[in-house]
Number of protein chains: 2
Amino acid sequence: MRGFGPGDSFLADCPARLAVELIADKWTVVVLAGLSKGPVRHGELIELIGGISRKVLTQTLRRLKAHGLVRRHAYAEAPPRVEYELTPLGATLIDPIHILTEWARANGDAVLDALDADSEPVAHHG
Amino acid sequence: MRGFGPGDSFLADCPARLAVELIADKWTVVVLAGLSKGPVRHGELIELIGGISRKVLTQTLRRLKAHGLVRRHAYAEAPPRVEYELTPLGATLIDPIHILTEWARANGDAVLDALDADSEPVAHHG
DNA sequence: CAGATTAGGTTTCCGATAGGAACCAGCAGG
DNA sequence: CCTGCTGGTTCCTATCGGAAACCTAATCTG
């Protein structure tokens with residue numbers, strides 16, 4: 001267990017705290033993962049992610065754009081085409097997110113098992 | 001840019017998706033970081049984190065407990081004392097989270113700058 | 001014994017947010 | 001003119017987060 005050390009708290013008012021709260025959103029990690037392979041269209045993300053509504057996807061992308069992690073490129077075509085891609089800053093988040101999702105892939109079942117064990121506290125100890 | 005590869009999407013219905021949504025909560029990452037150094041009391045977390053309400057902290061800890069990442073230990077004393085600590089499974093999350101917070105520490109200012117530049121689109125280009 | 005204090009947790013109220021579905025904008029094709 | 005495609009927004013509702021008060025239980029003060 002590495003821990004964060006005494007001066008490492010980041011639990012107060014430093015910008016790191018803000019950055020963590022920025023990406024620790026229900027959809028942000030998934031959206032960034034969806035953008036990790038290159039420019040993707042709005043509709044592609046909708047289908048790729050699965051479960052996110054257009055409204056929330058738009059909001060998430062706008063927030064990421066405002067924070068400099070995502071760039072929006074709207075083509076003046078018909079039907080309209082809008083592509084989103086990671087900025088260089090956003091690209092630096094891919095490795096951390098990749099590590100996180102690797103953890104999730106490796107431990108997702110363990111989490112489900114724990115959830116299972118917890119939801120049946122019916123001690124039939126006989 | 002590494003990306004996640006074609007079969008790496010995790011964007012569908014795999015357990016990894018659930019695990020990501022579990023930890024991609026506004027407070028979960030901060031709480032886990034607060035637990036990374038060892039057993040901590042409820043009130044200690046409140047002060048350590050700063051900004052979280054008791055209700056939400058309790059909810060977050062309960063959820064983490066249900067998912068097998070945190071263990072709760074209530075001492076039958078007065079005044080009551082309750083300590084929370086990471087389970088072995090929860091401890092495996094510290095490294096990924098550490099990497100994430102390191103990113104936040106390194107790039108927090110860049111994010112703030114982008115936020116700044118975005119919120120003043122007043123092009124006084126003269 | 002009555003009252004204040006400590007510590008964890010719950011309840012109540014309120015504002016913010018997510019989710020779903022429908023609707024809007026702009027243009028190509030019939 | 002109507003339909004369809006695509007991105008985005010609006011409306012309504014359910015849920016969640018935050019603040020503050022209240023609850024329990026024991027210890028200290030008087």
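In what follows, every chain begins at residue 1, and chains take the letters A, B, ... in the order their sequences are listed. Not measured: the values here are computed from a predicted model.
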Mind listing the residues from residues 58-66 of chain A sitting with a heavy atom below 4.0 Å of DNA chain D? Number order is fine.
A:T58, A:R62

Testing the basics here: between [X] and [Y], what is the closest heavy-atom pair and its distance to 0.1 Å?
X: B:S36; Y: B:L86; value: CA-CD1, 4.0 Å
X: B:L100; Y: A:P96; value: CD1-CB, 3.7 Å
X: B:Y84; Y: B:L35; value: O-CD2, 3.5 Å

Check the phosphate of D:dC16 against B:W27, side-chain N and O only, distance under 4.0 Å to OP1 or OP2. Yes or no?
no

May I ask you to say what A:K55 touches in the nucleic acid, namely base, sugar-phosphate or nothing, with a heavy-atom cut-off under 4.0 Å?
base

Base, sugar-phosphate, or nothing: which does B:Y84 touch, judged by heavy atoms less than 4.0 Å apart?
sugar-phosphate

Could you tell me which residues satisfy side-chain contact (heavy atoms from CB on, under 4.5 Å) with [X], sequence neighbours excluded, listed by chain and number?
X: B:A66; result: A:L115, A:D118
X: A:A74; result: A:R72, A:V82
X: B:R71; result: B:E85, B:T87, B:P88

Between side-chain atoms of residues 52-60 of chain B and protein atoms elsewhere (two or more places apart, or another chain), which donor-acceptor pairs fall under 3.5 Å?
| from | atom 1 | to | atom 2 | distance (Å) |
| --- | --- | --- | --- | --- |
| B:S53 | OG | B:V56 | N | 3.3 |
| B:T58 | OG1 | B:R54 | O | 2.9 |
| B:T60 | OG1 | B:V56 | O | 2.7 |

Rounded to the nearest Å, what distance is computed from the [atom1] atom of residue [X] to the [atom2] atom of nucleotide [N]?
X: A:I46; N: D:dG7; atom1: CD1; atom2: C1'; result: 10 Å
X: B:L57; N: D:dC16; atom1: CG; atom2: C1'; result: 16 Å
X: A:E47; N: D:dC5; atom1: CD; atom2: P; result: 12 Å

So if I define the base as every atom that isn't primed, P, OP1 or OP2, how would nucleotides 22-30 of chain D read as a B/S/- string at a heavy-atom cutoff under 4.0 Å?
----SS---

For chain A, the stretch of DNA chain C it reaches, first to last nucleotide, under 4.0 Å of its heavy atoms:
C:dA18 to C:dC27

Nearest 0.5 angstrom please: B:N107 CG to B:D113 CG, how far?
11.0 Å

ring-ring contact (aromatic ring centres under 6.0 Å, His included) contacts in which one or both residues fall within residues 52-81 of chain B, not counting sequence neighbours
B:H73-B:Y75

On DNA chain D, does the nearest nucleotide to A:G43 precede the nearest nucleotide to B:S53 from the 5' side, or the other way round? Give the residue.
A:G43

Going by the rule salt bridge (charged side-chain N to carboxylate O under 4.0 Å, His left out), which residues pair with A:E83 if we only count those two or more places apart in sequence or in a different chain?
A:R81

Could you pull out every donor-acceptor pair under 3.5 Å between side chains of residues 23-30 of chain A and any protein atom, sequence neighbours left out?
| from | atom 1 | to | atom 2 | distance (Å) |
| --- | --- | --- | --- | --- |
| A:D25 | OD2 | A:W27 | N | 3.2 |
| A:D25 | OD2 | A:T28 | OG1 | 3.2 |

